[in-house]
K.L.:
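First the structure, then my questions, so here it is.
Heavy atoms only: backbone and side chains are in, while hydrogens, waters and symmetry mates are out. Whatever order the structure lists ligands and atoms in, that order sets their numbers, starting from 1.
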Amino acid sequence: MIRFTETVLRDANQSLIATRLPFEKFEPILSEMDKAGYYSCEVWGGATFDVCLRFLNEDPWERLRKIREAMPNTKLQMLLRGQNILGYAHYPDDIVRRFVRASVKNGIDIIRIFDALNDVNNLKVAIEETVNSGAMASGAISYTISPVHTLDNYVKLVKEMAAMGVGSICIKDMAGLLSPKNAYDLVSAIKDAVDLPVVMHTHCTTGLAFMTYLKGVEAGADVIDTAISPFSGGTSQPATETLSFALREFGYDTGLNKESLHKIAAYFKPIRAEYLENGTLNPISLTTDTECLQYQIPGGMLSNLLSQLKMLNASDKFEEALKETPKVREDMGFPPLVTPTSQLVGNMAVQNVLAGERYKNVSSEIKAYCRGEYGKTPAPINEEVRKKILGDIKPIEGRYAETLPADTFEKAKETLGELAKNEEDVLSYIAFPPVTEKFLNARKAKEENVCTFSIEEVE
Ligand code: CO
């Protein structure tokens with residue numbers, strides 16, 4: 001049997017239309033999705049939280065509770081960035097624990113937990129609290145290619161996550177770099193090493209995804225992440241119906257209800273057309289980009305590099321920046337290129353090229369990275385480069401999270417005063433302070449029936 005995780009409400013929504021689906025837009029189809037026979041639906045976490053507050057004027061917690069109510073029979077899943085929760089910085093352990101507990105309390109069944117550096121020290125608190133809260137922790141490998149990302153090292157990571165109590169292992173290939181051959185080898189190695197379900201997650205970016213899933217399933221993968229056809233392909237996941245069709249022919253039971261899939265696809269088709277029409281869905285996101293394979297750089301990062309150089313009137317340096325990126329990545333100890341390391345490495349490469357001298361202009365984030373604030377790097381950072389960047393600043397020892405203030409929650413609660421109605425409001429504020437404050441003020445004004453408008457809100 002092969003099971004499916006439907007990503008239309010989270011990753012597909014995020015990858016194709018910058019997470020701009022408001023709750024009302026998908027509410028009518030939730031009851032049908034609840035009947036489709038999915039292993040789980042990924043509905044929350046990642047960028048959904050930030051975008052709800054920032055652009056959609058929605059309380060993300062309320063969204064989760066409403067989805068829970070409309071889908072009582074399906075496992076609801078979220079994506080969590082380990083010690084970063086849903087933001088980009090590290091949070092103290094008690095905040096991670098509170099956030100996990102609140103997520104489970106509001107309806108989450110499965111939390112997929114990953115770290116940009118695959119540092120288990122950044123995963124363990126989130127995993128432990130998920131298990132203690134009675135939900136399933138899915139331990140994710142941030143997949144990348146480098147001389148130190150060997151099968152042996154991945155297996156070592158998987159065993160460590162298994163020992164922490166994860167209920168499944170996810171191969172998270174955010175860039176679509178996982179090839180059919182490597183998928184076969186990696187899934188086989190994980191299956192040999194641990195007795196846990198293996199979940200595969202990839203993107204169609206490079207065009208490999210369907211073949212990669214097929215070979216992964218042949219090697220024993222248990223669950224694949226797919227998106228209903230109107231929101232599939234390109235930077236999103238491969239289509240649910242297509243894989244269900246192909247795998248059934250090979251004799252796999254998918255547990256999916258064909259009639260439901262048909263209704264769900266029919267529902268999302270006009271929504272896709274609407275977003276194409278209003279420009280939110282860029283047709284370029286739907287094409288195949290094989291350059292990522294050559295440079296092993298995620299597609300999103302390539303376009304970021306280009307737009308950054310354009311803003312600096314230095315588009316002619318694109319080739320040079322492209323060649324510099326793998327060198328910086330090597331100096332930085334081969335981090336997988338995923339948020340936030342993709343931004344760190346990309347910006348550093350641009351700075352090196354523009355300055356004409358390597359590591360002359362260094363951002364505070366790169367300094368923090370070299371200090372060890374992001375965790376342990378896959379390979380050691382180039383010692384000469386580290387000395388040049390850090391100067392007299394001492395690298396930290398042990399877990400950075402443990403050096404963070406213990407009163408973050410109390411302070412935030414105090415700052416918000418009566419604006420915060422519950423713990424969830426405080427957690428939203430800790431994750432995204434100005435955005436949440438604005439949201440909570442608007443909510444209060446609405447409740448008091450005061451008419452307010454803001455020019456900024458016109459998007
Ligand atoms: Co993804």
K.L.:
Inspect the contact between Glu320 and Lys323 and indicate whether a charged nitrogen and a carboxylate oxygen are less than 4.0 angstrom apart.
P.N.:
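No, Lys323 and Glu320 are not salt-bridged.
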K.L.:
With a 3.5 Å cut-off and no angle check, do the side chains of Thr7 and Glu42 form a donor-acceptor pair?
P.N.:
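There is no such pair between these side chains.
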K.L.:
Provide the protein N, O or S atoms situated under 2.8 Å from the Co ion (ligand 1); waters are not included.
P.N.:
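Protein N, O or S atoms closer than 2.8 Å to the Co ion (ligand 1): Asp11 OD2, His201 NE2, His203 NE2.
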K.L.:
Sequence neighbours left out, what passes salt bridge (Lys or Arg N to Asp or Glu O under 4.0 Å) with Glu218? Give chain and number order.
P.N.:
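For Glu218 the salt bridge (Lys or Arg N to Asp or Glu O under 4.0 Å) partners, ignoring immediate neighbours, are Lys215.
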K.L.:
Less than 4.0 angstrom from a charged side-chain N to a carboxylate O is my criterion; do Asp109 and Arg68 meet it?
P.N.:
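Looking at Arg68 together with Asp109, the answer is yes, because their closest N to O distance falls below 4.0 Å.
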K.L.:
Is the shortest distance from a Lys or Arg side-chain nitrogen in Glu423 or Arg101 to a carboxylate oxygen in the other one below 4.0 Å?
P.N.:
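Salt bridge flag = no for Arg101 with Glu423.
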K.L.:
Any chance the side chains of Ser103 and Trp44 put a donor and an acceptor closer than 3.5 Å?
P.N.:
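Side chains of Ser103 and Trp44: no pair found under 3.5 Å.
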